Amino acid sequence: GMGVGALGRGAAVGGGDAAGRMEGGRGRGIRVERRGRRRELLRGVRRAGVGVEDPRDGGAAGGLAAGGAGVSAAAAGGEALDGDAAATGWGLGAYSFEAYKSGAAESPSLLEWPEGADRGGVSRALNGVYLVRDLITTPAEDMGPAALERTARELAARHGATVRTVVGEDLLAENFPMVHAVGRAAAVGREPRLVELDWGESGPLVALVGKGVTFDTGGLDIKPAAAMLTMKKDMGGAAHVIGLADMIMAANLPVRLKLLLGCAENAISGAAFRPGDVLVARDATTVEIHNTDAEGRLVLADLLVLASESDPDLVVDVATLTGAGRVALGTDVPALFCNDDALADRLRALSARVADDVWRLPLWPGYEAELDSKVADCKNIGNGPYGGAITAALFLQRFLAPKPTPPPWIHIDVMAYNTKSAPGRPEGGEAMGLRALFALIHDRYAGSSADGGVPAE
C-alpha cells in the first residue's frame with residue numbers, strides 16, 4: 001500500500017526569515033521560500049472563499065477570490081488581523097489532498113509572512129494539522145494498523161523518540177485482550193497492535209492515548225452503508241495524538257511524553273468478537289458486549305489502564321467515539337469530558353482564544369447505572385438511545401487508576417472529518433481541538449507565552 005510515507009512527509013513548514021514566504025500544502029506539508037519583503041498574500045488560492053479568517057465564522061474574512069492576488073491580511077471588518085491568526089488561517093485554507101489524483105498538481109499558493117508572526121509556532125501548528133488531515137483522509141487500504149505503526153516510527157525517528165509495539169497474538173501474552181478482540185478478525189498483515197512511543201528525559205509525564213480503528217465495519221453489528229462510507233476516519237483519534245505529539249516534540253516542551261495508539265481494524269469474519277461475549281480488560285474488569293460497534297472504548301480501556309501504570313501528570317485521549325456526541329454538538333465542535341474542573345475551564349478558554357473550540361459535556365454520575373450488566377462487571381453501551389457520549393465517557397473513566405484519585409484526564413470525542421468544504425476547512429479529514437490541546441499543554445508546562453500561537457493573557 002501507499003502508506004503515509006508517500007503523503008505525510010514531503011517538505012515541512014519552516015520558519016524562514018524576514019524575507020521568507022510560506023507555500024500552501026498538497027497533502028505533503030508546506031515549506032518556506034526566500035523572496036523579497038512584502039506583506040500581502042500572494043498568488044491567491046485558486047478557489048473562492050479560502051483565506052485568512054476565524055474558522056468559527058462562515059464568512060470569508062479576507063478570503064481570496066479565484067485568481068485574486070495581493071490581498072492584505074485584513075479581517076472582514078477592515079481591522080488588521082493578528083499575524084499568527086492570519087498566517088494560520090491562510091495555511092488551513094491552502095491545504096489540499098491530491099495524493100490519489102492523476103496528472104500534475106496545481107502549483108501551491110504562497111504567503112508572505114505577516115510582520116510579527118511567530119513563524120515557529122504557526123509552522124508547528126500547520127505541520128500538525130496537515131499530518132492529521134493526511135492520515136485521516138488516506139483510504140483504509142493504505143492506512144491499516146501497520147501503516148499507523150510506521151507513521152509512529154517515522155515520527156520517533158524525526159524527534160529522537162523510542163517505539164515499542166505489541167502485535168497480533170502477542171497482545172494476549174502482554175495483556176491487552178480488548179485491543180486484540182476488536183482487531184482479531186482482520187486480514188493477515190492487518191493485525192491489531194499497541195504502539196507505544198516515549199520521548200523526553202525529564203519533566204512531568206503526559207500520556208496521549210488515541211483510538212486507532214483503521215476501518216470500522218461495525219463488526220457483526222454491521223453499520224448501514226451510509227454510516228460506513230467515511231469509516232476510514234475511525235483512526236482519527238490516533239491521528240490527532242500523533243499530530244499533537246509532533247507539535248509537542250517539535251516545540252521541545254519540558255515534559256516526558258508517552259504516546260499510546262490502539263490500532264485495530266474492526267472487521268467481519270468467523271473470528272470476529274460477538275454480541276453477548278464477555279471480554280476481560282487489562283485491569284481484569286469484565287465487559288459484556290452489547291454492541292460490537294461500540295468497539296473504540298474497548299481499545300481505549302486497555303490503553304488507559306496502561307497509561308495509568310506510569311503515574312502520569314496528565315492523560316489525554318482523543319477518539320471518534322460516538323455518533324451521540326455529534327447529535328449533541330454537531331460535526332464541527334468536539335465534546336470535552338474532564339475530571340478536573342479547573343483544567344476543563346482552562347482548555348475551554350484556550351480553545352476559544354485560538355479559534356479551535358471544544359465544548360464540555362458532563363461526566364454525569366447518575367448515568368453510571370446505564371452500564372450495569374447482569375453477567376459481567378459492566379457492559380459496553382448504555383440501555384437506551386440517550387446520552388451515548390456521556391455513557392461512553394463514563395465507561396472510559398472506569399479504567400483510570402489509581403482509584404479514587406486518578407490523574408487529571410481529558411477525553412475528546414471528535415468527528416475528525418469535514419463533511420463539506422468551508423473556508424479554511426476542506427472536505428475530508430480534519431484536526432479538531434488539536435491546536436487547543438497544544439495550547440493547554442504549552443500553557444500548563446511552559447507558560448502562556450506567544451510560542452505555539454498562544455497569546456499571553
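Scope of the values below: all heavy atoms of this structure, side chains included, with no hydrogens, waters or symmetry mates. Not measured: the values here are computed from a predicted model.
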Test item: [X] side-chain N/O and [Y] main-chain N/O as donor-acceptor pair under 3.5 Å:
X: Thr214; Y: Met235; result: no
X: Asp293; Y: Asp221; result: no
X: Ser351; Y: Val358; result: yes
X: Lys232; Y: Thr137; result: yes
X: Asp340; Y: Pro408; result: no
X: Arg164; Y: Asp198; result: no
X: Arg360; Y: Asp345; result: no
X: His442; Y: Phe438; result: no
X: Asn418; Y: Lys420; result: no
X: Ser310; Y: Pro312; result: no

Would [X] and [Y] count as having a side-chain donor-acceptor pair, cut-off 3.5 Å?
X: Ser373; Y: Glu288; result: yes
X: Asp134; Y: Tyr95; result: yes
X: Asp234; Y: Thr320; result: yes
X: His159; Y: Asp246; result: yes
X: Asp377; Y: Thr286; result: yes
X: Asn380; Y: His290; result: no

Is the shortest heavy-atom distance from the side chain of [X] to the side chain of [Y] under 4.5 Å?
X: Leu440; Y: Ile410; value: yes
X: Trp409; Y: Leu304; value: yes
X: Ile242; Y: Leu155; value: yes
X: Pro275; Y: Leu220; value: yes
X: Val255; Y: Arg444; value: no
X: Leu298; Y: Phe273; value: yes
X: Pro204; Y: Tyr445; value: yes
X: Arg297; Y: Ile381; value: yes

Calculate, to the nearest 0.5 Å, the distance between atoms [atom1] and [atom2] belonging to [X] and [Y] respectively.
X: Ile289; Y: Met178; atom1: CD1; atom2: CE; answer: 7.0 Å
X: Thr285; Y: Asp302; atom1: OG1; atom2: CG; answer: 10.0 Å
X: Asp357; Y: Leu336; atom1: CG; atom2: CG; answer: 11.5 Å
X: Arg133; Y: Leu434; atom1: CZ; atom2: CG; answer: 10.5 Å
X: Tyr367; Y: Ile390; atom1: OH; atom2: CD1; answer: 5.5 Å
X: Tyr417; Y: Thr230; atom1: OH; atom2: OG1; answer: 6.5 Å

Nearest non-hydrogen partners of [X] and [Y], listed with the distance:
X: Ala335; Y: Arg326; value: N-NH2, 3.7 Å
X: Gly91; Y: Tyr130; value: O-OH, 2.7 Å
X: Ala307; Y: Val209; value: CB-CG2, 4.3 Å

[X] and [Y] ion-paired at < 4.0 Å:
X: Glu430; Y: Lys233; answer: no
X: Arg158; Y: Glu154; answer: no
X: Glu368; Y: Arg398; answer: yes

Stepwise side-chain contact (heavy atoms from CB on, under 4.5 Å) test for Met143 and Leu135: CA-CA 7 Å; Met143 190 48 64; Leu135 292 171; 3.7 Å; yes
Go through the steps for Leu306 and Leu194 under the test side-chain contact (heavy atoms from CB on, under 4.5 Å), then give the verdict. CA-CA 11 Å; Leu306 176 63; Leu194 163 78; 4.0 Å; yes
Using side-chain contact (heavy atoms from CB on, under 4.5 Å), reason through Thr162 and Leu197 one step at a time and then give a plain yes or no. CA-CA 6 Å; Thr162 59; Leu197 177 151; over 6 Å; no
Mark yes or no: Arg282 above the aromatic ring of Phe176, with NZ or CZ under 6.0 Å from the six-membered ring centre and no more than 45 degrees from the axis. yes
Residue that, paired with [X], satisfies side chain to side chain contact (heavy atoms under 4.5 Å, CB included) out of [options]:
X: Leu208; options: Leu257, Leu314, Val318; answer: Leu257
X: Leu396; options: Leu300, Leu363, Asp413; answer: Leu300
X: Val195; options: Leu260, Val163, Leu148; answer: Val163

Could you walk me through whether Lys211 and Glu295 pass salt bridge (charged side-chain N to carboxylate O under 4.0 Å, His left out), step by step? CA-CA 10 Å; Lys211 171 185 171 182; Glu295 86 295 333; 3.4 Å; yes
Dump the intermediate steps for salt bridge (charged side-chain N to carboxylate O under 4.0 Å, His left out) on Arg256 and Glu201, then the final yes or no. CA-CA 6 Å; Arg256 287 177 299 133; Glu201 300 299 317; over 6 Å; no
Salt bridge (charged side-chain N to carboxylate O under 4.0 Å, His left out) evaluation trace for Asp443 with Arg346: CA-CA 9 Å; Asp443 175 72; Arg346 188 66 181 145; 2.8 Å; yes
